[in-house]
Structure formats: structure tokens, C-alpha cells
Engineer: 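First, the structure itself, so that you have it in front of you.
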Amino acid sequence: MRVLPVPLFTRTHCMSTQAVTPQSVDFSAWYNEIVYKAGLCDLSPVRGCLIIKPYGYELWEAIKGGLDRRFKATGHQNAYFPLFIPESFLKREAEHVEGFSPELAVVTIAGGKELEEPLVVRPTSETIIMESFKNWIQSYRDLPLLINQWANVVRWELRTRPFLRTTEFLWQEGHTAHATFEEAEAETMQMLNVYADFAITDAAIPVVKGKKSDREKFAGALYTYTIEAMMGDKRALQSGTSHNLGQNFAKAFDIKFLDEANQLQNPWTTSWGLSTRMIGAIVMTHGDDKGLRLPPTVAPFQLVIVPIYKNDDEKSAVMEAVGRISQELLAANIRITVDKREGVSPGFKFNDWEMRGVPARLEIGPKDVANGTAALARRDVPGKEGKQFVPQEGIVARVQDLLKSIQANMLQQATVFRDANIHDVNSYDALKQVIEAGGWARGWWGGTGDDEARIKEETGATIRCFPFEQPGGNGVCFYSGAQAEQVALFARAY
RNA sequence: CGGGGCGUAGCGCAGUCUGGUAGCGCGCUUCGUUCGGGUCGAAGAGGUCAUGGGUUCGAAUCCCGUCGCCCCGACCA
């Protein structure tokens, strides 16, 4: 039988695991320490940029995989467009250029010469993709056009944080064109649902789906839908957005098609994006004072095997069992690694892998070899409670069940936490109290954009979204007293 | 760009006030020991003290300038 190779973890994955600042003391410090200690990233020599280390990148690959599969299943194809965009393209859509110009990086010199037209390093690719769409679309038969690209983008942010906001980041951006408003709207909604399904099912993050206020929508969009997640400090994180761009870009780029009635029309376009910020969302939703906690579905390693022995005789017996069991697990497509480091005690390894957030751990020692057992521990249940001795017989099914149970439990824990921290408010004072305590405030909203700005000024909270899940009926705006048709979710956000 | 802090070994820091040619902890290397929740010991390797200038017999230390980074605010996936 072919022997399956055990995936290695390299020294680049490892760091000393000293105590981390507890979340309760300083959540921000906790986050900053944990992303480095867990081996996700390094600071880069370039201000505001991030080096994503192998462990962090494997997490990103898992995110990519989960999304890409869903994009393909909904009929999208991947393509790639240039990093550089002629400056004039950005300027064609008025709202768009206004939204992005403060944060553009622009190349003015190349090949030792001043360029005739400066090239913008893409902050997003609507404009250069629309230029292609113009050539690709002539007939209603060319529609819908469903494209996605995986790319890096650059936004010159003043204040950056690992994964949450960096000058360069990785993401996917979907761009589609449709014959009617209704089709574009259905697409916008479909992709938001794809994001939500990924977040909930794969990342175990119970996001709230909703619509952005005009103030918060994408520059150039008719409107923007969002998935909002609650982090461990109860702040909100916009984790993915889907935009209905109407005919704004189609008109700006003069994209036209002949419909079935031989009438010339502008198509309706959408765009939707999800970035490496999702890594930050996973860290801040699930992490605890011992380190990362990764949902099994996206974890680079779902289980780590720690062999335990104190002399060569024990070692050979233990390693024989480890080899046999790891082959069984690998054959079942469970992502594992074996921690064979010498000179490091098992206790150290336990803490080390807990810092990295590996969902499950299998300890195999001399007693297990004698008894045909192993110790199986789960990351989501701390201490002894999460550890049990199990028979080696039937280990694959047991691990599969355990991983399922961990995935479900993590979503459950995050959902309970979120629901306990969303509060209904019917006065501005009540909102202030809720926001001050760190929670999310939900209330009837009939205010203006200026009202929104004032609330942000006074409380730090913004409208995260108008949730799709509405109580129904009408109410009275908690702020302006006006008649309100929907409730809004307010929170401080990253 | 405003307010604060910091640049000394891979990381975290002391030394700076009171100038005398660099030290501690962790990590790293080797050996031994230990190994079921962060073992212990011994011996090593590793630094143009951010940078440019000045003062001085002598500068990590004093003076002047420059650069960079981090934290807090305004902008944002």
C-alpha cells in the first residue's frame, strides 16, 4: 500500500508561546500578539503591508477554496485583469473616483521615464474590467456575464492592522453584467448569500445579512449589501460586501447590448468582494486567551498527533502506532500533522498547538500502545473536560464525529454570544448605553445621513446595516421621532 | 497630518541622568537529562548600540539634524 506523506509543519510555523495579554485586559493587544504568535503573519519592511506566513496562507487557501467552489457552483468563471489601471479610467465614474482618490498609489515613473499617463495600482477593478466588458458584450446573448478574479489590491490606508486593514490585501472581486435590473439584483443577493453561507458553514461565524446605509455604501453603487460579524470584543466587522451597481458603470464605460427587441440598452452590473480580512474575523470571533481557535472546516491542520515517550524502546513502539493511525486518518482525508520535535516536552507541544488553534489533538504514549487507546482532546473545550481516552479501533469515525461536533459547537458559541449582545433600543439614551457597554443596538430608524454622522460623532457607532430580518410593520425612529419603516443595527466597527 | 512613546543580539529589555569601548531574559547551536499540561543542567554562536554631523584623549551615553517604527485620533474591505 502506498504510504501517504504526513504534511510537515516547519519552523516558520513556530514561535515561542509565552503568555499572551488576556482579551479582558486589552482585546486589541491580544489580537496584535496572537496573529504573530500563532504564526499567521509577520510585519513587513513596507509600512502597512503584511507578510502572510505559510500557516496564515494555508488558512487563506481554505477560505479561497470554500468560496471558489461556491462561485463555480453558481456559474462564475475566474479571469485575471491587470494590476495597473490608467488613471483616466478611475475618473469616468464620478462617485467612484471621489471615493477612492484619497487612498490611491500611483505610478508616474517607469522604465526610467515619466509616464505619459500615470498608472493607478488597483484599489478595486471595476473600471478596468468594465473596459473589457464593453468589448465582450454586444448582445443579450452575451449576458449574463459572470466573472471573478483573485487578486491583490492596494489602498493607501493611514492606519493599518494585521489582516483587518492593510495597505495591500488579497481578495476576490466578482464582476457581473445582466440584461435587467432584476437579474442584477438577484445576483447581488445570491452572492451575499454565498458569503453568508461560507461564513456560517465554513468559518462558523454567525453573520448578520443586511443593507448598508447610503453613507456606508460602496462609491459608485446603487446600494451595498453586507455580512456583519460580531468580534470577541463585541465590535462589528464588515466581512464581505455585494454591490448592485445599477447602470452607473455601464453608462460611464459605454457598455451597450441589443436586447431581444433589437433595442440598444446599458446592462446592469454588480460587484462583490471578500478579503483576507476574513482571517481577522476568524481570529477575533473564535480566539481565546490560550490562542487561536480554528473551525475544523478551514483549519490548515484539523488534528495534531503528539507522540509521548521517554526512551528508544518506547519511542519505536509509539511511533509505530503513530504511523499506523496517521495513515488511517490521512486516507480519510483528515488534515493532520505529527509533532515529532525532540527535546520539547509534550506539555509544551500541547500549549503550542493550542496557540495555533488546531481543533483536535491526539496523544499517543506507552500506556496507549499497551492498551490500544489514545488521548483525544478538543480545542473548543478547555482543560481536562475536553480530553478523553478512546480506543484506537475506529479512530477515523471518532475523529470525524469530533470535528463535526467542534464545528457545530463553535458556531453555537459564537451565535449565543452574538445574540446576547444585540439589544433593542427605543431612545437615543438607550442606544448610548448599549454602545457604551460594547454591544450592538437595534432600533427603528427614520433619521437622515446627518443624524447618522452626529451619532457617529457622539458615540462612535455607525449603522452597520439594515438587517434583512425585520420585525415587520412600522415604528417610531428612536432618534428623530419620525415614522420609520425599518430597524437599523448600530455598533462600533473595525 | 495632529497627540504620545520608542529605536541597543532573532525577540523582549537594562545600561543613557552621573561619558571609560556592551549586558540580562527568552530564543538559537551542541551534549546530557526529562518527557501523559509550558523539564533541568553544562558549554557555545550571535551586536558598525537607527542614521549623519558636532563636543571630547575617549560617545550607546552629551549637543544639533535626519530617518524609521509603534500606540491614540480624522479616512476605509
Side-chain angles (χ1 to χ4, degrees), chain A residues 11 14-20 26 28-29 32-33 36-37 42-48 98-104 123-124 152-173 195 212 215-219 224 226-229 236-243 271-281 290-291 306-311 314-315 318 339 341-355 361-371 373-377 382-384 386-387 389 453 456-457 460 462 493-494:
Chain A
R11 284 181 51 90
C14 308
M15 271 199 63
S16 68
T17 47
Q18 304 105 7
V20 63
D26 185 343
S28 189
N32 277 327
E33 290 169 31
Y36 302 120
K37 288 188 175 175
D42 268 345
L43 284 176
S44 89
V46 181
R47 182 195 159 73
E98 198 186 321
F100 281 105
S101 50
E103 50 189 76
L104 295 180
T124 179
N152 57 339
V153 289
V154 167
R155 299 181 186 176
W156 216 257
E157 303 290 351
L158 301 175
R159 195 143 149 47
T160 60
R161 300 193 67 191
F163 297 115
L164 301 177
R165 184 175 306 106
T166 47
T167 297
E168 178 190 16
F169 58 92
L170 306 183
W171 76 344
Q172 59 65 220
E173 46 180 324
Y195 287 158
K212 283 288 180 189
R215 262 177 62 83
E216 302 274 335
K217 77 177 170 65
F218 176 74
T224 292
T226 177
I227 50 171
E228 297 287 326
L237 184 72
Q238 177 175 310
S239 306
T241 47
S242 183
H243 318 289
S271 69
W272 25 276
L274 187 148
S275 72
T276 37
R277 173 180 271 190
M278 181 55 76
I279 294 173
K290 303 212 76 176
V306 179
I308 295 161
Y309 49 81
K310 51 173 167 273
N311 56 48
E314 286 184 359
K315 179 178 175 182
V318 164
D339 191 343
R341 282 178 290 178
E342 303 275 356
V344 184
S345 70
F348 180 91
K349 292 178 180 179
F350 300 163
N351 288 282
D352 202 29
W353 289 106
E354 279 165 5
M355 176 62 75
R361 181 182 71 236
L362 199 63
E363 303 164 21
I364 301 175
K367 289 182 213 159
D368 297 307
V369 171
N371 302 335
T373 59
L376 184 60
K384 278 214 171 92
K387 184 155 139 180
F389 283 86
K456 183 181 183 186
E457 182 73 25
T462 50
Y494 276 99

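Just so it is clear: chains get the letters A, B, ... in the order the sequence lines come, proteins before strands, and each one is counted from 1.
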Engineer: Kindly indicate whether the side chain of A:Arg361, heavy atoms from C-beta on, has any atom under 4.5 Å from the side chain of A:Phe350.
Structural biologist: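 Yes, at least one pair of side-chain atoms sits under 4.5 Å.
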Engineer: Determine the Euclidean distance between corresponding P atoms of B:C49 and B:A22; express it in Å to zero decimal places.
Structural biologist: 10 Å
Engineer: Rounded to the nearest Å, what distance is computed from the NZ atom of residue A:Lys37 to the C1' atom of nucleotide B:G10?
Structural biologist: 15 Å
Engineer: For the pair made of CD in A:Glu33 and C1' in B:C70, what is the distance, rounded to whole Å?
Structural biologist: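 Taking CD of A:Glu33 and C1' of B:C70, I get 13 Å after rounding.
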Engineer: For A:Arg215, enumerate each residue passing the salt bridge (charged side-chain N to carboxylate O under 4.0 Å, His left out) test, keeping only those at least two apart in sequence or located in another chain.
Structural biologist: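 Partners of A:Arg215 under the salt bridge (charged side-chain N to carboxylate O under 4.0 Å, His left out) test: A:Glu452.
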Engineer: Roughly how far apart, to the nearest Å, are B:C62 and B:U18 at atom C1'?
Structural biologist: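 My reading of the C1' atoms in B:C62 and B:U18 gives 11 Å.
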Engineer: Taking the cut-offs as 6.0 angstrom to the six-membered ring centre and 45 degrees off its axis, would you call A:Arg165 and A:Tyr494 a cation-pi pair?
Structural biologist: no
Engineer: Indicate, with a heavy-atom threshold strictly under 4.0 Å, whether A:Gly365 touches base, sugar-phosphate, or nothing.
Structural biologist: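 Base, at least one base heavy atom under 4.0 Å.
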Engineer: Mind listing the closest non-hydrogen atom pair of A:Phe389 and A:Ala375 along with its distance?
Structural biologist: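 Looking at all heavy atoms of both residues, the shortest contact is CE2-CB, 3.8 Å.
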Engineer: Take atom CZ of A:Phe348 and atom P of B:G36, then tell me their distance rounded to the nearest Å.
Structural biologist: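 My rounded result for the distance is 13 Å.
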Engineer: Just name whichever nucleotide pairs with B:G7, Watson-Crick or G-U, keeping both distances under 3.5 Å, else none.
Structural biologist: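 Looking at the geometry, B:G7 pairs with B:C67.
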Engineer: How would nucleotides 72-77 of chain B be written as a contact map, 5' to 3', with B for base contact, S for sugar-phosphate-only contact and - for no contact, using protein heavy atoms under 4.0 Å?
Structural biologist: SBBBBB
Engineer: Using atom NZ of A:Lys367 as one end and atom C1' of B:G37 as the other, report the distance to the nearest whole Å.
Structural biologist: 13 Å
Engineer: CG of A:Asp352 versus C1' of B:G27: gap in Å, rounded?
Structural biologist: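 Whole-Å distance recorded here is 13 Å.
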Engineer: Quick one: which protein N/O atoms are closer than 3.5 Å to N/O atoms of nucleotides 32-35 of chain B? Pair and distance per line, please.
Structural biologist:
from	atom 1	to	atom 2	distance (Å)
B:C35	N3	A:Tyr309	O	3.3
B:C35	N4	A:Lys310	O	3.2

Engineer: Taking for each residue the nucleotide of RNA chain B bearing the nearest heavy atom, is the 5' side occupied by A:Pro162 or by A:Arg361?
Structural biologist: A:Arg361
Engineer: Between A:Lys212 (side chain) and A:His243 (backbone), is there a donor-acceptor pair under 3.5 Å?
Structural biologist: no
Engineer: Quick one: the side chain of A:Glu354 and the base of B:G37, do they pair up donor-acceptor inside 3.5 Å?
Structural biologist: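 Side chain to base: pair found, below 3.5 Å.
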Engineer: Compare every heavy atom of A:Val20 with every heavy atom of A:Lys37, then report the nearest pair and how far apart it is.
Structural biologist: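 Smallest heavy-atom distance, with atoms named: NZ-CA, 4.3 Å.
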Engineer: Reckon A:Lys387 touches a base, only the sugar-phosphate, or nothing at all at heavy-atom distances under 4.0 Å?
Structural biologist: base
Engineer: Do NZ/NE/NH1/NH2 and the carboxylate oxygens of A:Lys456 and A:Glu216 come within less than 4.0 Å?
Structural biologist: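 Not counted as a salt bridge, because no side-chain N and carboxylate O are separated by less than 4.0 Å.
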Engineer: Write down the distance separating the P atoms in B:A60 and B:G53, rounded off to the nearest Å.
Structural biologist: 14 Å
Engineer: So, does A:Glu157 use its side chain to make a donor-acceptor pair with the main chain of A:Glu103 at under 3.5 Å?
Structural biologist: no
Engineer: Base, sugar-phosphate or nothing for A:Tyr195? Non-hydrogen atoms, less than 4.0 Å.
Structural biologist: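 It contacts nothing in the nucleic acid.
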Engineer: Mind calculating the distance between CG (A:Leu43) and C1' (B:G12) to the nearest angstrom?
Structural biologist: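 So the CG-C1' distance, A:Leu43 to B:G12, works out to 15 Å.
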Engineer: Between B:C26 and B:G41, how far apart are the two P atoms, rounded to whole Å?
Structural biologist: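 Rounded to whole Å, the distance is 9 Å.
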Engineer: Below 30° counts as parallel, above 60° as perpendicular, anything between as tilted: where do the rings of A:Trp272 and A:Tyr195 land?
Structural biologist: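 Rings of A:Trp272 and A:Tyr195: perpendicular, as their planes differ by over 60°.
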Engineer: Separation of A:Lys290 atom NZ from B:G37 atom C1', in whole Å?
Structural biologist: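 To the nearest whole Å, that distance equals 7 Å.
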